[in-house]
Every structure is written in structure tokens, then in C-alpha cells.
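Quick note: numbers below take in every heavy atom, side chains included, and nothing from hydrogens, waters or symmetry partners. Fair warning: this is a prediction, and the values are worked out from it, not measured in the lab.
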Amino acid sequence: LARSLGITRTAAAVLLSRGLGDVERSTRFLDPRLAHLTSPDAMKDRGEAVERLARAAKAGERVCVFGDYDADGVTAAALVTDVMRTLGADVVPVLASRFDGGYGFSGRALARVLATGASLLVTCDCGSSDHERLDALRAASVDAIVIDHHRVPEAPLPVLAFLNPHRPECGFAYKGLASVGLALSICAGVRAELGAQLDLRRWLDLVAIGTIGDVAPLDGDNRPLVRAGLGVITHGARPGTRALAALAGCGAVAPTGEDVAFRLAPRINAPGRVDKPDVALALLLATSDDEARRLAAEIEVHSARRKEIERAVLAEALEEMNDPAMAALPGIVLARQGWHPGVVGIVAGRLVSRFGKPAVVVALDGASGRGSARAPAGFSVFDALALSREALLGFGGHHAAAGVEVASDRIGAFRDRFVEACATLGVPSTTKVHDADALLEPGDAPARVVQDLARFEPCGQANPAPRVAIDGARVLQTREVRGGHLRAWLDLAGTPLSCFGPEMGPLAGKLGERARVIGLLRRDTWTGGNAIEMRLLAAEPT
């Protein structure tokens with residue numbers, strides 16, 4: 001396989017470990033192309049949406065684009081707004097506000113949309129469960145197109161077109177598109193309907209940020225879309241994403257999936273977590289570098305504020321988890337008056353990572369509260385909430401993440417129902433056993449291996465970064481560094497390999513003369529040149 005593909009044996013071994021031993025399949029994986037995208041013809045209601053949007057563009061009709069306040073919703077709203085404006089439509093973008101109406105197409109959102117005077121609404125990353133408000137919109141003679149990928153209720157949606165691959169009647173084969181990917185497909189259809197000469201690849205940076213930010217699977221159609229989008233982020237024509245990447249420290253080269261997940265997408269999310277999300281949309285629609293740099297700096301202030309609030313809420317949540325009775329339950333429900341609603345999702349995710357259990361964190365405000373639910377891999381938090389619905393005012397979302405609304409005096413009842421649901425559904429074990437995808441093959445130069453493994457990008461959900469093992473390496477030096485982390489140096493055929501182990505400081509001095517390590521090989525940007533480092537996941541003496 002290595003000879004056929006012209007890659008190292010180590011990289012070939014990773015392909016084999018992932019069931020990609022066939023040369024043709026491996027080639028499509030390593031070199032994903034936009035030409036490989038699934039035909040959209042079977043997507044339910046796509047034709048109706050395309051025709052209506054094309055008619056609006058030709059007539060210069062006012063269109064309101066309404067997006068959710070997270071990375072997927074903001075990028076999808078920016079994409080539809082920008083493309084439709086380019087094609088001639090009069091577009092007014094509006095975003096949901098966590099603090100003014102909350103998630104989705106709320107009653108407050110309905111009023112804001114009607115105030116724009118638009119005759120056509122396009123929702124991005126919301127709308128699948130907003131029947132009542134969409135009914136009211138129809139009564140006001142406003143057409144609606146819903147673009148969403150959340151769970152679909154049984155009741156039909158009162159709209160002109162409903163684009164959601166999870167609809168049972170939708171024949172589109174790939175179900176993993178985030179809302180921003182669906183938005184791109186609709187805009188491609190409008191372009192074709194109008195016969196416009198418009199290269200949509202320049203909007204792929206938005207697709208990459210929204211897809212990764214929403215933790216959508218990086219397989220199928222998402223793989224070529226996001227791979228191409230990563231290159232557009234720093235080298236494309238959009239001032240906003242270039243300024244964002246530069247501020248996040250990944251503007252020199254095309255960012256990785258990890259860069260987007262931990263540096264770019266959280267910054268797009270930050271304004272909507274602590275204030276209005278509009279500045280993030282303004283950044284993505286900025287037309288000059290000066291404007292983009294100013295808006296990116298404003299977002300950085302929001303990001304710092306979000307981190308400060310998150311630290312405080314997480315500390316209080318962990319204090320509650322010190323209660324042995326609470327820690328023993330199969331599911332976590334924490335709620336407190338005054339917790340900030342903008343960070344409860346992040347805190348819930350932190351609790352899942354630490355305790356390996358589904359978690360719901362609720363910010364109470366008087367008689368009720370809004371919260372976020374997160375779940376470990378292999379567990380549907382949506383199903384658990386469905387079993388707990390009698391104790392809730394409302395909920396919505398998908399398997400990995402969801403939102404809830406609950407009365408303050410029903411927190412105890414909700415906790416009981418949720419814990420019972422987790423026990424009924426069965427929470428999968430999350431004991432961390434770090435298995436390697438492959439051993440570092442003797443004779444493979446680490447720099448060449450890193451070059452080959454870069455072709456596995458984008459890495460993330462459904463395509464984790466390749467884990468490489470080194471057996472019996474001679475330990476040159478170890479030490480614990482500030483923060484309780486481990487810094488080690490291994491001898492690789494006469495060349496030192498720098499290793500960094502987060503929270504592995506106690507292993508310093510315990511690895512002996514030789515060790516087996518598992519980790520992620522990557523370029524050492526601090527040292528520069530062809531230097532390689534390993535981020536350790538596991539290490540033990542041999």
C-alpha cells in the first residue's frame with residue numbers, strides 16, 4: 001500500500017487500521033475532491049427552495065436570513081447573505097440572541113423578522129421545531145425556507161421548503177452535513193438556476209468553520225468541503241477569516257481541524273455567549289482588512305470574557321460534584337441561580353470529559369432556567385431528554401448536544417428522570433484506553449511521516465488525528481514543567497524527539513531508560529525547520 005500510494009509505511013499502516021486498505025479508497029481519502037460530492041438531486045425540497053430564492057434574486061426582493069447564534073448558524077447566515085447579495089437579492093441578516101428570545105425562531109425572533117419587511121425568510125441552523133412561529137409567519141404572507149440539521153419532529157412544518165437530511169422522506173444519501181453545508185448546496189442551486197458565473201469555492205472557509213464548530217462528522221461530503229475550506233481561510237479573499245486566523249495564531253499556513261475547533265470556532269461563538277452575536281456575523285461579512293481587524297479585536301475581548309465566566313462556573317460545578325452521592329449517579333444535572341447561560345454548554349462538555357457521563361448544566365433565572373446537555377460518544381442525550389420530557393418545559397437538539405428549558409422548582413424532578421433515563425439507555429464506558437493506529441516504522445523519517453499524516457486532515461469528529469506508537473525508545477531526559485505537564489526527549493535513531501504530555505508531569509523520572517509512548521506527531525512550530533514533536537497521550541516504561 002505504501003509503494004502504491006507513495007507514502008511511508010507508517011502512514012499506510014494507519015490507513016489499514018481504519019479499513020482503508022484498498023488503493024482507490026485510500027486515494028479518495030487522502031486526496032478528497034469537490035468532484036466527489038454527492039449529487040444533491042434527491043434532497044427533499046431543494047428544487048422549491050432554489051426556485052424561490054432565484055425568483056427573489058431576480059426581482060431584487062427583500063429576503064431576511066435568520067441564523068442561530070453558534071458557529072454553524074452564524075457561518076450559514078453569512079454564506080446565504082453574501083451569496084444572495086452577490087446574486088442581486090436585497091438581504092437583511094438577523095441572528096438569534098441567547099438573551100433576547102433564546103435559541104431558534106422564537107416569538108421575539110418572529111417580531112424582529114417581520115420588522116424587516118421581508119417577503120421571504122431563510123432560517124439557518126434552526127426552525128425544525130418552530131411550528132407555531134412559522135405558522136404566524138405564513139399568516140403574515142411571508143414565505144419561509146428552513147435550512148437545519150437538527151432532529152425532526154413528526155408534525156409537518158408549515159413552510160415553502162424544509163431542507164434537513166434527517167427528514168425520513170429526504171433521499172439525499174449523506175446525512176452528516178451541517179447547516180452551513182446545506183446552505184452552500186442551496187446557493188449552488190440558485191447560482192445554476194440564474195445561470196450566474198460565480199465560483200462558490202470562495203465561501204468554503206465558512207463551511208469549514210461552521211462544520212467543525214458544530215462537531216459534524218468529518219467524513220463523506222464534509223471531508224472535501226472542509227479540506228478545501230481550510231486552505232481558503234488564510235489564502236482566500238475574505239478579510240474576516242484571515243483576520244480571525246491571524247489573531248488566533250494560525251494565519252501563516254492553512255489551519256488544521258484542531259485549529260478550527262479550538263481557536264477559530266470558539267471565537268465565532270464567543271460574542272453570542274456573552275452578548276449579541278452580531279459582531280461575529282459582521283466580521284464574516286467585512287469587506288476591508290481594516291474593518292476585519294477592528295471586529296476581530298472586538299471578538300477577542302468577548303472571548304477573554306467568556307473564558308473568565310466559564311472558569312468561575314466550572315469551579316462551582318466541580319465543587320458540587322465533590323458530593324459522593326452526586327458523583328455516583330449515571331448522569332449529571334447541575335443548576336444554580338445566577339450561572340451565566342452563555343457558558344453552560346461548555347461547562348457541560350467539560351463535565352462529560354472529566355466524568356464520562358451525560359451532563360446537563362442549567363442557568364436558573366428566577367422561576368425558570370435554560371441549560372445545555374452534552375453526552376459522551378455513543379450516547380444520545382436527545383433520547384435521554386425525550387424520556388425526561390415530563391419534567392421539562394421544552395428541549396431540542398441532536399444526539400451529542402441539546403438545549404433544555406426547565407422550571408426552577410422542577411430541577412429535582414428533572415434530575416431524577418434524567419438519571420433514570422441514563423440508567424435505562426446505558427451509558428457506555430469511557431475508560432480511556434489509548435490504542436495506537438500504527439507503530440512508527442523503523443526507517444521512516446518522522447518529518448516524512450508528519451507530511452503524510454497531514455493528508456489525513458481535516459481531523460476531528462469521525463476522523464480522529466492518527467495516533468502513532470513508538471516502542472522501546474531510549475529516554476534521554478524527562479522533567480515536570482509548570483502546570484503539571486511532562487516534557488520528555490526520546491532518541492530516534494540518533495535524533496532527539498521532543499515530547500509534551502499534558503497533565504502527565506508525575507511520570508517524569510518514572511519512565512526509566514526505555515519507554516513505549518503513544519501520541520500525535522506534528523511539526524514543532526517553536527523550533528521551526530523540519531523539527532518534529534509528539535503530543536503524548538500515553539507513556540509507560542518498558
Side-chain angles (χ1 to χ4, degrees), residues 43-56 61-70 72-74 76-77 79-81 84 89-98 100-170 177-180 182-183 185-187 189-190 277 370 382 389 392-398 402-405:
M43 190 181 293
K44 181 68 174 171
D45 287 358
R46 184 176 184 271
E48 291 84 346
V50 164
E51 187 278 329
R52 183 66 182 88
L53 283 165
R55 183 152 44 96
E61 189 177 344
R62 174 159 291 183
V63 179
C64 180
V65 175
F66 181 84
D68 187 28
Y69 44 64
D70 68 1
D72 189 21
V74 174
L79 190 153
V80 176
T81 297
M84 289 301 295
D90 174 15
V91 183
V92 180
V94 176
L95 295 181
S97 170
R98 199 182 298 267
D100 184 16
Y103 168 78
F105 191 52
S106 63
R108 178 66 187 129
L110 170 65
R112 293 169 64 204
V113 168
L114 290 174
T116 67
S119 52
L120 173 61
L121 168 72
V122 181
T123 74
C124 297
D125 200 37
C126 59
S128 288
S129 300
D130 295 320
H131 295 67
E132 184 180 339
R133 274 76 64 195
L134 291 168
D135 261 329
L137 196 73
R138 173 181 276 183
S141 300
V142 178
D143 291 335
I145 296 169
V146 168
I147 299 174
D148 198 8
H149 70 125
H150 292 98
R151 292 286 289 269
V152 179
E154 293 182 6
L157 211 56
V159 294
L160 175 75
F162 178 23
L163 288 304
N164 188 324
H166 298 295
R167 294 179 65 184
E169 62 272 32
C170 181
L177 287 178
S179 296
V180 68
L182 292 166
S185 179
I186 301 308
C187 288
V190 177
R370 292 180 179 270
F382 185 93
R389 58 162 41 99
L392 292 169
L393 296 173
F395 74 99
H398 45 74
V404 301
E405 184 175 2

Asker: What is the minimum heavy-atom distance between H150 and S128, and which atoms define it?
Answerer: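 For H150 and S128, the tightest heavy-atom pair comes out as O-OG, 4.2 Å.
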Asker: With rounding to the nearest 0.5 angstrom, report the CD1 to CZ distance, I145 to R46.
Answerer: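 That separation rounds to 12.0 Å.
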Asker: Between CG of D143 and CZ of R138, what distance do you get to the nearest 0.5 Å?
Answerer: 9.0 Å
Asker: List for me each residue that meets salt bridge (Lys or Arg N to Asp or Glu O under 4.0 Å) alongside E48, sequence neighbours excluded, and say none if there are none.
Answerer: none
Asker: Quick one: does any side-chain atom of R133 pair with a main-chain N or O of L110 as donor and acceptor, under 3.5 Å?
Answerer: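 No: the side chain of R133 does not pair with the backbone of L110.
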Asker: Which heavy-atom pair separates E61 from R52 by the least distance, and what is that distance?
Answerer: OE2-NH2, 2.6 Å
Asker: With heavy-atom distances below 4.5 Å as the criterion, would you say the side chains of P165 and M43 are in contact?
Answerer: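 P165 does not reach M43 side chain to side chain.
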Asker: If you look at every heavy atom in G127 and L134, which pair is closest and at what distance?
Answerer: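 That would be O-CD1, 3.6 Å.
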Asker: How close do C187 and L79 get, counting heavy atoms only, and between which atoms?
Answerer: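 In terms of heavy atoms, the two residues are closest at SG-CD2, 3.7 Å.
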Asker: With a 4.5 Å heavy-atom cut-off, do D72 and H149 have their side chains touching?
Answerer: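 Contact flag for D72/H149 side chains = yes.
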Asker: Return the CG to CG distance between L182 and L177, rounded to the nearest 0.5 Å.
Answerer: 5.0 Å
Asker: Is any side-chain heavy atom of L114 closer than 4.5 Å to one of L137?
Answerer: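 Sidechains of L114 and L137: in contact.
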Asker: Quick one: OH on Y103 to CD on E405, what's the gap to the nearest 0.5 Å?
Answerer: 13.5 Å
Asker: At their closest point, which heavy atom of A118 faces which heavy atom of V142, and how far apart are they?
Answerer: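 Residues A118 and V142, closest heavy atoms: O-CG2, 3.6 Å.
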Asker: Can you run down the ring-ring contact (aromatic ring centres under 6.0 Å, His included) pairs that involve residues 112-146, sequence neighbours left out, and say none if there aren't any?
Answerer: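 For residues 112-146: none.
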Asker: What I'd like to find out is whether the side chain of N164 reaches to under 4.5 Å of the side chain of V146, using heavy atoms alone.
Answerer: no
Asker: Could you walk me through whether F395 and R389 pass the side-chain contact (heavy atoms from CB on, under 4.5 Å) check?
Answerer: CA-CA 8 Å; F395 74 99; R389 58 162 41 99; 3.7 Å; yes
Asker: What's the spacing between L163 CG and I186 CD1 if we round to 0.5 Å?
Answerer: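 Between L163 CG and I186 CD1, I get 3.5 Å after rounding to 0.5 Å.
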Asker: Test D68 against every option in D148, V74, D125, L95 by the side-chain contact (heavy atoms from CB on, under 4.5 Å) rule and name the one that passes.
Answerer: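 Between D68 and the candidates, side-chain contact (heavy atoms from CB on, under 4.5 Å) is satisfied uniquely by D125.
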Asker: Show the numbers, then the answer: is there a side-chain contact (heavy atoms from CB on, under 4.5 Å) between D45 and R167?
Answerer: CA-CA 11 Å; D45 287 358; R167 294 179 65 184; 2.9 Å; yes
Asker: Any idea which heavy atoms bring D130 and C126 closest together, and the distance?
Answerer: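 Smallest interatomic distance, heavy atoms only, reads OD2-C, 4.5 Å.
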